[in-house]
Amino acid sequence: MSKAKEKVQEDVKPIIYDSVNKTNYQRGSFLGKGGFAKCYEFKNLSTGEVFAGKIVSKSMLIKPHHKEKMFQEINIHRSLSHKYIVSLHSYFQDSSNVYIILELCSKRSLMEMHKRRKTFTVPEARYFMRQILLACKYMHDNQVIHRDLKLGNLFLNDNMELKVGDFGLATRISFEGERKKTLCGTPNYIAPEILTKKGHSFEVDIWSLGCILYTLLVGSPPFETNTLKNTYSKIKKNDYFLPISMDAAAKSLIKKLLHPDPLCRPSSEEILMHDFLTNGYIPTRLPTSCLCMKPRITHNMSVFELTKNADRKPLLESGQLPSTDAAQDIFEENGKDPGPTKALLLDGAAPKDSYLSELLAMLDSILKCNPEALYTGQPEDAQDPSAVPFVWISKWVDYSDKYGIGYQLCDNSIGVFYNDSTHIVLLADGKNLQYIDADAEQFYTMPDYPPELKKKMTILNYFNTYMNENLLKAGESARPREGDEMSQVPHLRAWFRTKTAIVFHLSNGTFQANFFQDHTKIILCPIMSAVSYIDEEKNFSVYTVPLIEKYGCLPSLTLKLNYARGMIDRLLKS
Ligand code: ADP
């Protein structure tokens with residue numbers, strides 16, 4: 001058998017035996033591919049526990065220094081045990097691969113969240129910074145420098161807890177005051193002292209934290225240019241710009257973290273004491289809806305903060321919590337007591353047409369490359385699970401000749417788009433409500449909603465019962481998520497039916513078409529440039545535009561994408 005064939009056969013092995021711990025793992029869905037590794041869900045068949053199994057083919061480790069580097073990575077990583085660090089459960093090898101069994105982080109990383117959200121709210125930035133800092137303090141206390149802290153290495157688990165991962169560039173300090181002289185690899189947020197080869201230590205991680213905080217709040221990295229050369233030159237000159245509108249405490253912290261002299265940067269412990277982390281609201285947990293929608297920072301939360309920190313600078317002055325201002329404006333405008341309304345923050349980030357032009361451009365570039373001609377089969381590499389959608393419509397009922405359309409999102413929240421163009425969304429917890437009309441979005445908690453919504457709520461309950469009792473969920477594989485008072489989910493912005501399909505467009509840009517004849521579905525995400533396909537057998541596959549341009553796509557899917565293009569055009573024209 002040829003070497004290549006042998007490798008493919010190894011790849012498809014569904015049960016993998018760990019001879020060290022005498023355990024069988026079942027290889028599950030594909031999680032992603034890195035420079036050296038492929039990652040899958042691994043289920044321990046004796047305990048049922050699910051992990052992320054990283055598979056490194058030995059054919060990738062031919063040069064001795066590659067092997068050495070990988071075992072150094074494993075050794076550093078497995079010596080660490082902390083709530084906010086991906087835990088390395090075990091590792092083993094067989095004749096073809098090395099397997100690393102890691103804690104599963106199924107909500108991907110801050111990289112994908114940043115792509116979807118662009119900017120984070122200040123409370124979210126505080127929440128994540130605190131967790132990274134605790135991990136960083138632990139690593140540094142244990143003489144480990146990570147050296148490649150970046151959004152893609154900050155993973156998220158199901159509870160939206162952050163886990164620092166990928167110790168591929170990490171190193172251990174062997175004596176106090178040691179300055180490292182070399183680094184094999186290119187850290188993403190590289191510190192100036194690495195570029196000038198002056199010798200570096202723990203402070204390079206602090207520099208990266210400055211870049212991370214900046215990116216979360218501004219939406220792009222501080223030294224970004226078109227070329228690496230220009231970026232490096234800006235880093236060496238400490239040439240970056242802090243927007244005036246940025247939260248004052250964040251500004252002061254970023255200046256400290258991005259100090260050109262490493263010895264002037266604060267330690268993680270000092271940063272944890274900085275105003276940014278001590279003087280403002282830090283959520284104790286975040287809902288998973290934050291992965292694609294800005295959370296609601298409610299009136300209550302800000303009031304809570306103001307009373308809790310009564311002796312400190314009021315939050316409103318530094319503008320971290322615009323929600324309170326916004327709430328005030330709307331209260332005055334409406335001239336009435338908001339009652340149970342808690343937050344009135346509208347996400348102004350989405351473009352006016354809710355990404356319809358982006359969707360059109362995305363399909364144009366796919367269809368232009370003649371994807372059915374390019375298609376020669378379905379290698380796993382043709383898929384990109386990191387672009388997996390978090391929101392789609394899993395059930396719907398068209399009762400528009402009387403009331404409107406009712407739908408369930410995959411997270412179990414329920415929405416109705418009424419014939420009078422208003423919406424109600426009941427979150428998955430069955431408690432939190434969003435009411436949306438042309439002017440604003442209002443939030444209520446069950447059972448405290450205004451009496452004028454009573455009729456609409458009755459209709460919503462009617463739809464809910466009908467869908468629960470009669471309909472199957474599309475894309476069942478998705479784990480149900482809980483709603484939460486900080487959650488916001490997109491609403492159905494437009495929809496229509498043709499003979500072929502029902503078409504949905506959500507307020508976050510997601511486009512969906514359910515085809516009547518074969519029950520297949522496509523979900524398009526303009527932000528991630530992703531095409532997801534639920535086929536006749538209910539298999540869920542995620543492709544991205546660059547991958548389709550490289551590997552092509554199934555003729556049947558190409559046809560449906562062509563159809564979707566026409567429907568998007570129609571949505572744009574209406
Ligand atoms: P490499 O070291 O070769 O770059 P990565 O560490 O980037 O490999 O892993 C490959 C892919 O696997 C990543 O893109 C990520 O999406 C996924 N991945 C890595 N670790 C985990 C984990 N603990 N949980 C879930 N997915 C993971």
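As the structure lists them, so they are numbered: ligands from 1, and atoms in each ligand from 1. Residues take their numbers from the sequence shown, with the count starting at 1. All heavy atoms count here, side chains included; hydrogens, waters and symmetry mates do not.
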- Message: Within the structure, is a non-hydrogen atom of S386 found at a distance of less than 4.0 Å from ligand 1?
- Response: no
- Message: Against ligand 1, does R108 come closer than 4.0 Å with any heavy atom?
- Response: yes
Using distance alone, determine whether [X] and ligand 1 share an N or O pair under 3.5 Å.
{"X": "C39", "answer": "no"}
{"X": "V86", "answer": "no"}
{"X": "L104", "answer": "no"}
{"X": "L102", "answer": "no"}

- Note on the structure: The protein heavy atom nearest to atom 2 (O) of ligand 1 is K54 NZ, 3.3 Å
- Note on the structure: the protein heavy atom lying closest to atom 24 (N) of ligand 1 turns out to be C105 N, 2.9 Å
Atoms of ligand 1, numbered as shown, that sit under 4.0 Å from any heavy atom of [X]:
{"X": "F36", "answer": "3 (O)"}
{"X": "A37", "answer": "3 (O), 8 (O)"}
{"X": "E103", "answer": "22 (C), 23 (N), 24 (N)"}

- Does NZ or CZ of R126 come closer than 6.0 Å to the centre of the six-membered ring of Y281, within 45° of the ring's axis? no
Donor-acceptor contacts, no H, no angles, side chain residues 210-223, under 3.5 Å, sequence neighbours left out:
unit_1, atom_1, unit_2, atom_2, d
Y214, OH, F241, O, 2.5
T215, OG1, Y189, OH, 3.4
T215, OG1, C211, O, 2.6

- Item | Check: I393 main-chain N/O paired with Q512 side-chain donor or acceptor under 3.5 Å | yes
- Ion pair E124/R117, N-O distance below 4.0 Å: yes
- Charged N to carboxylate O below 4.0 Å: is that the case for E203 and R179? yes
